[in-house]
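First up is the structure itself, then whatever we jot down about it.
Sequence lines set the chain letters: A, B, ... in the order given, protein chains first and strands last, and positions in each chain run from 1. Here the structure is a predicted model, which is why all the values come from computation and not from measurement.
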2 protein chains.
Amino acid sequence: MTLQLDDIDLKILALLQQHGRLANQELASLVGLSASPCSRRVKALEEAGFIAGYATLLDPKHFDLQLTAYIQVRLEKHSQAILDAFELAMSSYDEVLECCLLTGSDADYQLKVLVCDMEAFKRFLLEKLTTQQDIAGIRSSFVLKQVKNQTAIPLPKS
Amino acid sequence: MTLQLDDIDLKILALLQQHGRLANQELASLVGLSASPCSRRVKALEEAGFIAGYATLLDPKHFDLQLTAYIQVRLEKHSQAILDAFELAMSSYDEVLECCLLTGSDADYQLKVLVCDMEAFKRFLLEKLTTQQDIAGIRSSFVLKQVKNQTAIPLPKS
DNA sequence: GCTGAAAAGCTCTGCTA
DNA sequence: TAGCAGAGCTTTTCAGC
């Protein structure tokens with residue numbers, strides 16, 4: 001932490017969240033600074049860990065990735081070794097975009113999976129998920145419509 | 001579409017997904033091109049719609065955003081007007097990162113919500129979600145551990 | 001901590017092959 | 001469709017406030 005954010009920092013972060021490749025010069029003029037302090041602030045924000053990284057967002061439709069599924073997984077046993085093995089396996093699969101351990105649900109894990117079609121989904125289930133040890137149950141839901149899917153997190157309103 | 005991707009394009013996209021602000025020059029050398037054809041390819045990929053945008057990823061922990069919840073929402077009626085109103089409202093809330101219409105679940109919508117703490121979550125439920133018309137039921141699950149949370153989509157392995 | 005100017009580096013475009 | 005080279009722009013560093 002060790003860095004107190006002011007309004008300008010928050011503006012910078014809000015703009016960068018939406019436009020990751022905004023040129024420093026333009027960013028500076030949008031937040032009302034000249035270029036040099038602006039780039040210094042961005043660097044400080046990176047070094048303090050506020051900025052986790054930069055990403056290019058691709059359009060799944062252009063790659064024939066037309067099926068997004070949420071899979072809820074229940075495990076038989078809950079020893080650390082079993083959880084670790086499951087997490088490690090899921091982390092290694094490219095089609096698993098998200099994997100989290102849940103509470104308040106009858107499932108243990110929820111996965112978000114992105115694949116081409118139902119056939120590829122079936123292969124994921126049969127070849128990658130159900131080959132895991134100690135799975136007690138699986139329930140899949142499919143996305144009919146992505147209403148919203150943003151990477152930007154809510155920031156304090158300055 | 002109208003653009004057939006070759007191995008180099010896929011390499012470029014794979015690198016950019018992970019490092020959104022990679023300088024063109026370095027990208028070029030990583031994929032084995034010189035700078036100019038590389039920047040021309042990136043531009044073509046943007047214009048063809050493969051690249052949806054660029055984002056800066058922030059670290060939620062540095063902003064005291066410590067509670068991620070998935071909320072499953074069931075609606076009473078399913079007229080287009082009601083669905084539209086619900087989607088529009090959810091789209092307008094910063095703390096709603098994802099909102100999608102589901103099938104294969106007893107819920108209609110799943111939301112992914114990111115807030116500071118349980119208190120803020122309660123406010124979201126009471127002030128923003130349950131004020132919606134025609135909600136038949138809500139079930140919340142909380143994330144205990146984010147095992148994986150990536151923006152990169154799976155690309156053909158060249 | 002900001003500004004402004006100068007140096008270094010990067011990107012883009014047209015040209016050549 | 002790649003590579004080269006020059007023009008233009010961006011970033012960064014440094015002195016001054």
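Here the closest non-hydrogen pair linking Leu22(A) and Glu26(A) is CD1-OE1, 3.7 Å. Minimum interatomic distance between Pro156(B) and Leu10(B) (heavy atoms only, all atoms of both residues): O-CD1, 3.7 Å. Closest non-hydrogen pair, Asp59(A) versus Gly49(B), comes out as CB-O, 3.5 Å. Contact between Ala35(A) and Asn24(A) at its shortest, heavy atoms only, is O-ND2, 3.1 Å. In plain terms, the two heavy atoms of Ala152(A) and Leu97(B) that are nearest each other are O-CD2, 3.3 Å.
In this structure, Gln25(A) atom CD and dT10(D) atom C1' are separated by 6 Å, rounded to whole Å. Counting to the nearest Å, the P atom of dG1(C) and the CD atom of Gln4(A) are 12 Å from each other. The separation between Leu22(A) atom CG and dT11(D) atom P is 9 Å, rounded to whole Å. Rounded to whole angstrom, the span from the CZ atom of Arg21(A) across to the P atom of dC9(D) amounts to 19 Å. In this structure, Leu33(A) atom CG and dT11(D) atom P are separated by 14 Å, rounded to whole Å. At whole-Å resolution of the value, CG in Leu5(B) and P in dT1(D) are 12 Å apart. Spacing between atom CG of Leu16(B) and atom P of dT11(C) amounts to 11 Å, rounded to whole angstrom units.
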Could you give the side-chain donor-acceptor pairs of residues 120-129 of chain A under 3.5 Å, partners two or more places apart or in another chain?
| residue | atom | partner | partner atom | Å |
| --- | --- | --- | --- | --- |
| Lys128(A) | NZ | Glu95(A) | OE2 | 2.7 |

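Using a 4.0 Å cut-off, no side-chain N or O of Arg41(B) falls inside it from OP1 or OP2 of dT1(D).
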Can you pull every protein N or O that's under 3.5 Å from an N or O on nucleotides 12-17 of chain D?
| residue | atom | partner | partner atom | Å |
| --- | --- | --- | --- | --- |
| dT12(D) | OP2 | Ser39(A) | OG | 3.3 |

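The existence of a salt bridge linking Arg41(A) and Asp6(A) is confirmed by a sub-4.0 Å separation between a basic side-chain nitrogen and an acidic carboxylate oxygen.
Glu98(A) and Tyr70(B) share a donor-acceptor pair across their side chains, judged by distance under 3.5 Å alone.
Remark: the backbone N or O of Leu30(B) is not paired with any side-chain donor or acceptor of Lys11(B) at under 3.5 angstrom.
Axis orientation changes by 20° from one end of the helix from dG1(C)-dC17(D) to dA17(C)-dT1(D) to the other, with each end axis drawn from 5 pairs and the value rounded to 10°.
For the pair Ala23(A) and Asp6(B), both in contact range of DNA chain D, the more 5′-proximal nearest nucleotide belongs to Asp6(B).
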